[in-house]
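Below, each value reflects all heavy atoms present in this structure, side chains not excepted, and no hydrogens, waters or symmetry copies. Note that this is a predicted model, so its numbers are computed, not measured. Proteins get letters first, then strands, A, B, ... in listed order; numbering begins at 1 in each.
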Amino acid sequence: MLEAKLTQTFIKAFKQLYDRQPDIKHISFQKTRSEFEGDRTIVVFPFSKILQQSAEETAQQIGEAMMQLYTEIVRFNVVKGFLNLTISGKYWVSFLQQALSMPDFGFNQSGKGKRMVIEYSSPNTNKPLHLGHIRNNLLGWSVAAILKANGYEVVKVNLINDRGIHICKSMLAWQKWGGKSPEETAMKGDKLVGEMYVRFDKELKAEIAGLVQQGYSSEEAATRAPLIIQAQEMLRLWEAGDPQTHQLWATMNGWVYEGFNQTYAKMGVDFDKLYYESETYLLGKEIVEEGLKNGALFQKTDGSIWCDLSAEGLDEKLLLRADGTSVYMTQDLGTAKLRMSEYQADKMIYVVGNEQNYHFEVLSRILKKIGYQWADTIEHLSYGMVELPEGKMKSREGTVVDADELMDEMILTAKEMTTELGKLDNLTEEEADKLFTTIGLGALKYFILKVDPRKNMLFNPDESIDFNGNTGPFIQYTHARIRSLLRKATHVEEDQLPGTDITNTEFLPDKERNLIRLVYSFPQWVQQAAESRSPALIANYMYELAKEFNQFYQSVPILREENISLRLLRLDISRIVASILKKSAELLGIEMPEQM
RNA sequence: GGUCCGGUAGCUCAGCUGGAUAGAGCAGCAGCCUUCUAAGCUGCGGGUCACAGGUUCGAAUCCUGUCCGGAUCGCCA
């Protein structure tokens, strides 16, 4: 690797010059800023300070010595305390050849032998997927893909919250006011069930308002409303195993799953394993018993069981209610243990919104306290909220952005744009439809994934997602352009012989150099994206690369270049850029069209 | 109130393991299609990096405090 070689050379040069060891922590080669000549830069201020001589002088001396020691350094210049090194064109070109010969260029095996279980999506079955889920799903899927590209074994899991009071509300509403199947209403199953949930909420509010008018306080009204009492009764029946309740529950969940599956399929996300809370929600109790026995937990006089985390600066946390029923935390203790025993994961990653930061903090502390050392493998991939201009999405207020609708709108916009630009020449209708989907979803996915997962992001439904500038379609377009170029290149190359003549490429123009350097950095981004669990790094990199390529494309001839060696070099660059764009897009779940 | 996260151009976002004059896109303005796809390219304008201190040769980046915004502190999930 270049950096390693440069570091080594630097140390050697330093010792030679000053007869002492340089401080390793100050040796870092960064990319030279574009306004200066050079490929890599080292800042010598820290060294000149120790040597008690001027930074310029130090840089000059080290530059000369390094050039003597490492032949790939062909030039250097010094600006203040910055030593800018220029690496030979030959080095870059031979790197390019090497990269082209590696089908897996960019990917690595650093995660070899490690297994990651990543949970994402985790929907409730009482309402359809919305924009928040889109971010969650895309993130989870993409992080999984990125981990795989780093050699990890990845298990993608989804924990479906298919039970609880919220589903009972939908069920009750359906009994009272629905009564029709998705087929009969020509609605997607998840939409139908979601509508029932909203209906319940509306009717409940009306009941409460009525009670308040009769003189009840609003708190009291909320607990006395017949609808909520019936919903609770239904939940009780469900937990008692009542066949009729279970039947209705299974039927309605079935509708929802059918709807979810369509949404997932369109979104392009999938799972290796599905967990259902109805099957796992009781699992935590044993752990709680265990913790109570070994003294990690304690029981209050009413019988409820708690974990005291006040010594760690947190609160007491309830784990089992006085009536012995479990809470969310209890379930998560159980599912974590189940998952661990099933997969022996090196990490269990949970893609869950940052509103649950505290929950996950507490989760691993409790497990640790009870004595499970693997608690440390739990990692909360905490991502920010998707906000609308008016603030948070609120399902009750109808301000949610529905996942299906959004995707359909994006695809439709892609269709309009494409048609308007007259880019449908030789496509069959089927191919054209495929293309609209590719572009529309590409725009959406890139829009979501390019922002740092940890940060909240804003989505303005009134301003449709862009197709120009820093967008998915821009990158797709760049790819399509290159592919078109390469299609035309086959006959240009046929009469040339294999490989590029690199013997005469000591001279390497700026655009070519910039692109090869970007290519060079691809593997580092793949690795860093995995370490920081951030698809955004890949997205930003792709954009850099695409932008640089477009400048290149627009400023130099490629197929029309007369110098054969240069033409082939440019084609090689084009080829690898297309391949990297495609690979990185795959890490984000974005497809790259051959033509657009 | 406690804890956590954030505040960078009109808007959306990069940059944050300290390094050169803080970058893109959108929006605005002006150019570029007889040549490899104009969903592109080029140029112009736009900044007290919330504020105040501190550490340092050097701070958007690290530390402290203040202000502002968000999340959370449920026997909800």
Side-chain angles (χ1 to χ4, degrees), chain A residues 25 28 30 32-33 35-36 41-46 48-49 55 79-82 84 122 124 161 164-166 277 300 302 304-306 313-315 317-323 325-332 352-359 361-362 382 384-385 387 389 391-392 414 417-418 420-421 423 425 439 443 447 450-452 454-460 463 465-478 480-489 492 536-537 539-540 543-544 546-547 549-561 570-571 574 595-596:
Chain A
K25 72 167 190 272
S28 111
Q30 44 196 288
T32 303
R33 294 185 60 136
E35 57 266 42
F36 303 101
T41 293
I42 182 160
V43 185
V44 305
F45 286 114
S48 68
K49 200 178 161 197
V79 182
K80 290 188 276 183
F82 299 87
N84 302 320
S122 324
N124 289 356
N161 184 9
I165 190 73
H166 43 286
E277 274 194 14
K300 289 195 177 173
D302 68 355
S304 57
I305 300 178
W306 298 70
L314 302 172
D315 279 329
K317 182 75 192 175
L318 176 94
L319 295 179
L320 274 185
R321 298 187 185 102
D323 65 5
T325 57
S326 56
V327 296
Y328 178 50
M329 184 61 77
T330 326
Q331 298 177 34
D332 260 9
V352 177
N354 61 14
E355 59 210 346
Q356 293 195 38
N357 285 355
Y358 184 74
H359 173 78
E361 177 81 40
V362 170
S382 163
M385 303 286 96
E387 287 168 348
K392 260 188 92 167
M417 291 283 260
T418 309
E420 196 179 317
L421 290 168
K423 301 234 175 187
D425 306 343
I439 297 173
F447 178 83
K450 78 170 181 193
V451 350
D452 183 341
R454 292 168 307 144
K455 293 195 176 176
N456 287 355
M457 62 178 292
L458 190 115
F459 174 80
N460 188 343
E463 301 168 13
I465 294 174
D466 251 303
F467 283 61
N468 300 317
N470 186 358
T471 66
F474 168 84
I475 295 163
Q476 290 172 320
Y477 176 69
T478 309
R481 228 183 191 183
I482 301 174
R483 295 300 304 162
S484 159
L485 190 68
L486 295 176
R487 280 192 294 273
K488 289 180 180 158
V492 180
L537 298 180
N540 290 330
Y543 175 62
E544 269 313 298
K547 199 165 61 143
F549 185 86
N550 276 323
Q551 290 170 15
F552 166 74
Y553 179 91
Q554 215 111 78
S555 62
V556 303
I558 298 171
L559 294 177
R560 300 189 318 267
E561 170 58 45
R570 286 177 180 161
L571 277 168
S574 306
Q595 170 188 346
M596 72 183 269

When all nucleic acid strands are considered with a 4.0 Å heavy-atom cut-off, which category describes [X]: base, sugar-phosphate, or nothing?
X         : result
Val451(A) : sugar-phosphate
Ile439(A) : base
Gln595(A) : base
Met385(A) : nothing
Ala480(A) : base
Ser48(A)  : nothing
Asn84(A)  : base
Val352(A) : nothing
Leu458(A) : sugar-phosphate

Please state how far atom [atom1] in [X] lies from atom [atom2] in [N], giving the value in whole angstrom units.
X         : N      : atom1 : atom2 : result
Phe552(A) : U42(B) : CZ    : P     : 14 Å
Phe474(A) : A38(B) : CZ    : C1'   : 12 Å
Asn357(A) : U3(B)  : CG    : P     : 16 Å
Met457(A) : C11(B) : CE    : P     : 17 Å
Phe549(A) : A38(B) : CZ    : P     : 12 Å
Gln30(A)  : G15(B) : CD    : P     : 16 Å
Ile482(A) : G40(B) : CD1   : P     : 14 Å

Tyr543(A)/Phe474(A) under ring pair (Phe, Tyr, Trp, His ring centres under 6.0 Å): CA gap, chis, key distance, verdict: CA-CA 8 Å; Tyr543(A) 175 62; Phe474(A) 168 84; 5.6 Å; yes

Please tabulate the protein-to-nucleotide N/O contacts below 3.5 Å involving nucleotides 29-31 of chain B, giving atom names and distances.
none

Based on Watson-Crick and G-U pairs with both distances under 3.5 Å, what dot-bracket line describes RNA chain B 5' to 3', crossing pairs as [ ] and inter-strand pairs as |? ((((((((.[[[[.)...(...]]]].(((((.......))))).....[[[[[..)....]]]]])))))))....

Using a cut-off of less than 4.0 Å, is there contact between a side-chain N or O of [X] and OP1 or OP2 of [N]?
X         : N      : value
Arg487(A) : C36(B) : no
Arg560(A) : U35(B) : no
Lys80(A)  : U21(B) : yes
Arg454(A) : C4(B)  : no
Gln554(A) : U42(B) : no

Along RNA chain B (nearest heavy atom to each residue), the more 5'-positioned of Tyr358(A) and Ile558(A): Ile558(A)

Starting from the 5' end of RNA chain B, give me the residue, Tyr553(A) or Asp452(A), whose nearest nucleotide shows up first.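 Nearest nucleotide further toward 5': that of Asp452(A).
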
All N/O contacts under 3.5 Å from nucleotides 55-61 of chain B to the protein, with atom names and distances to one decimal?
{"from": "C57(B)", "atom 1": "OP1", "to": "Lys49(A)", "atom 2": "NZ", "distance (Å)": "2.6"}

Not counting sequence neighbours, which residues clear side chain to side chain contact (heavy atoms under 4.5 Å, CB included) with Arg321(A)? List them please. Leu318(A), Asp323(A), Thr325(A), Val327(A)

Counting N and O atoms only, with roles assigned by atom type, does the side chain of [X] sit under 3.5 Å from a partner on the main chain of [Y], one being a donor and the other an acceptor?
X         : Y         : answer
Asn456(A) : Gly384(A) : no
Thr330(A) : Leu319(A) : yes
Ser304(A) : Lys300(A) : no
Ser574(A) : Arg570(A) : yes

Value rounded to 0.5 Å, distance of CG in Asn550(A) from OG1 in Thr478(A):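 It comes to 4.0 Å.
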
Could you give the distance from CD (Glu277(A)) to OG (Ser122(A)), rounded to the nearest 0.5 Å?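 OG of Ser122(A) is found 8.5 Å from CD of Glu277(A).
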
Derivation of the side chain to side chain contact (heavy atoms under 4.5 Å, CB included) call for Ser28(A) and Ile42(A): CA-CA 6 Å; Ser28(A) 111; Ile42(A) 182 160; over 6 Å; no

For Glu35(A), does the CD atom sit with more than 12 other heavy atoms under 6.0 Å from it, leaving out its own atoms?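 Enclosed.
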
Any side-chain donor-acceptor pair under 3.5 Å between Ser382(A) and Asn357(A)?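 A donor-acceptor contact under 3.5 Å links the two side chains.
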
Using centres under 5.5 Å plus planes under 30 degrees as the test, is Phe82(A) stacked with G19(B)?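 A stacking contact does not exist, since Phe82(A) is not both close and nearly parallel to the base ring of G19(B).
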
Please name the pair of heavy atoms, one in [X] and one in [Y], separated by the smallest distance, quoted to 0.1 Å.
X         : Y         : result
Asn470(A) : Lys450(A) : O-NZ, 3.4 Å
Asp315(A) : Tyr358(A) : N-OH, 3.6 Å
Phe447(A) : Leu458(A) : CZ-O, 3.9 Å
Ile439(A) : Pro473(A) : CG2-CG, 3.9 Å

Confirm from the modelled atom types if Thr478(A) and A39(B) form a donor-acceptor pair under 3.5 Å, side chain to base only.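 Per atom types, no contact qualifies.
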
With 3.5 Å as the limit, what N/O pairs link the protein to nucleotides 25-27 of chain B?
{"from": "G25(B)", "atom 1": "O2'", "to": "Asn470(A)", "atom 2": "N", "distance (Å)": "3.2"}

Would His359(A) and Met329(A) count as a side chain to side chain contact (heavy atoms under 4.5 Å, CB included) here? Give the steps. CA-CA 8 Å; His359(A) 173 78; Met329(A) 184 61 77; 3.2 Å; yes

Nearest to the side chain of Glu35(A) - A20(B), G7(B), G70(B)? A20(B)

Check the chi torsion on C33(B) and let me know: syn if it falls within 90° of 0, anti if not. syn

Under 3.5 Å between N/O atoms: give me all the protein pairs with nucleotides 74-77 of chain B, atom names plus distance.
{"from": "C75(B)", "atom 1": "N4", "to": "Asp302(A)", "atom 2": "OD2", "distance (Å)": "3.0"}
{"from": "C76(B)", "atom 1": "OP2", "to": "Arg321(A)", "atom 2": "NH2", "distance (Å)": "2.9"}
{"from": "A77(B)", "atom 1": "OP2", "to": "Tyr328(A)", "atom 2": "N", "distance (Å)": "3.2"}
{"from": "A77(B)", "atom 1": "O3'", "to": "Asn161(A)", "atom 2": "ND2", "distance (Å)": "2.9"}
{"from": "A77(B)", "atom 1": "O2'", "to": "Asn161(A)", "atom 2": "ND2", "distance (Å)": "3.3"}

